[in-house]
**Student:** 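Mind having a look at this structure? Questions to follow.
Whatever order the structure lists ligands and atoms in, that order sets their numbers, starting from 1. The residues of the chain are indexed from 1 along the displayed sequence.
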Amino acid sequence: MFNNSKSLFIKNRAKLIRLMKPNSVAIICSSKQLLRTRSLYSEYRQSSNMIYLTGIFQEDTTLLLYPNNSNNELREVLFIRYADEKTLTWEGHKHTKKEASEISGIDNIMWDSDLRTILKKVVKNASFVYLEMGDEWAKVDAPYTLSYSFANKFKKSFPQKRFKKLVPLINQIRMVKEKQEIEIIKEAINVTHKTFCKILPKIKPGIFENDIEAEITQSFIKNDKCPHSYLPIVASGINSTILHYNSNKCKLTKGDLLLLDFGAEKNGYASDLSRTVPISGKFTKRQAEVYKSVLKIMEQAKKLFVTGNTINKLNEAVGFMMEDELVKLNLLKLSDIKKQDKENPLYKKYYMHGTSHFIGLDVHDCGNRDVRFKKGMVLSCEPGIYIKEEGFGIRLENDILVDDKPIDLMEQIPIEMEEIEELMKHS
Ligand SMILES: [Mn+2]
């Protein structure tokens, strides 16, 4: 995957094992291959937990951890798919045992046909079995995943066993990133940065949102075939006030703004960028006023990504900043703010989402709004102001690393209005 990546996966497994109860087994499944239509599948995305613990992106992979097993050989086993002649003909190469071992750093690699037998053998002696359930932050265990159906089947096959939820343990360790993980996130950001600079001069009235989406996707494909971390948002004019606008098909109109929210994924890790640019190449006076407010809030908010802070506290602080700016922009009146219902502050009319989420293997990574920031966590900083009655919204978003001082991992990506206008000048 990258230079000496297996040391990362070895470290990650060791962290998980430290949190497991004595004499327990953990079973981690790959993502399910989703059938789209008769014998054709949707694009495959490995489960983030499997990437985190093994670096294996192949389907039908299962990881078994039993650190206290008296049989040394069965303390850590990775089951992978065996490619028979038919598989080779239809799908091509699958990992050999040697390859899987080199990627993951796991010595004992077995074929997935051995999984049942080995499971029966090891589970017998274990006091607890950790199954990939209990994602309290995703709110639901996703029933379409392999881990969900596996857990259900497993419980039925071993009704006498005591089960534990594995996901809370993995969530806890995934939040704090190792240096190697930060490096991969920086690579993802690098692709996103290059892409943004490449598309800027191409934005002009008369072309379509999908023209820009195509440019973004083309750039990702040319850069090592990076997937999107999430569906890209290319929203012009009034569409920029729709927070998760994805249809990306409208014509770009002179004088309007274009809100871009996209990010490349590299080796499983996400990047997440938002910029809002003038379609004609120059901000109008009003657009510039609002832009300045959003940028000012972003600069102030960035300073709050320090250890001990939480997303909740951040949102509260940004709420106050937002009130100040919205008053300056003549969108709210100070007298109204003074008598507002504190549970439903008035600024929410123009700023209806939170300022931050965790970023990692998932673009909305594990971690909730009460988690105290620690060094090594990566989060988005994304204030915005959306004014439906004026026909535009502005969102700016960078990815921030919590360290002794907050580090803006996207500092190098153009954001000042003058710089954006300069880069948009098409020769
Ligand atoms: Mn985001």
**Student:** Side chains of Gln58 and Glu99: do they bring a donor and an acceptor to under 3.5 Å?
**Tutor:**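 Judged by distance alone, the side chains do not pair up.
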**Student:** Of Leu131, Ile28, Ile27, which meets side chain to side chain contact (heavy atoms under 4.5 Å, CB included) against Leu166?
**Tutor:** Ile28
**Student:** Nearest to the Mn ion (ligand 1), which N, O or S atom of His357 do we find?
**Tutor:**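 For His357, the N, O or S atom at the smallest distance from the Mn ion (ligand 1) is NE2.
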**Student:** At the Mn ion (ligand 1), what angle lies between atom OD2 of Asp272 and atom OE2 of Glu382, rounded to 10 degrees?
**Tutor:** 150°
**Student:** Is there a donor-acceptor pair closer than 3.5 Å between any side-chain N or O of His228 and the backbone N or O of Phe262?
**Tutor:**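 Between the backbone of Phe262 and the side chain of His228 there is no qualifying donor-acceptor contact (under 3.5 Å).
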**Student:** Near the Mn ion (ligand 1), is there an N/O/S atom from Asp261 that is less than 2.8 Å away?
**Tutor:**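 It does not; every qualifying atom lies at 2.8 Å or beyond.
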**Student:** Measuring from the Mn ion (ligand 1), name the closest N, O or S atom belonging to Glu397.
**Tutor:** OE2
**Student:** Between Ser271 and Gly263, is there a donor-acceptor pair closer than 3.5 Å when you use the side chain of the first and the backbone of the second?
**Tutor:** no
**Student:** Test salt bridge (Lys or Arg N to Asp or Glu O under 4.0 Å) on Lys302 and Glu299 and set out the steps.
**Tutor:** CA-CA 5 Å; Lys302 263 158 58 170; Glu299 292 304 329; 3.4 Å; yes
**Student:** Mind checking whether the Mn ion (ligand 1) has an N, O or S of His364 under 2.8 Å?
**Tutor:**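 Here the distance criterion (N, O or S atom, under 2.8 Å) is not met by His364, so no.
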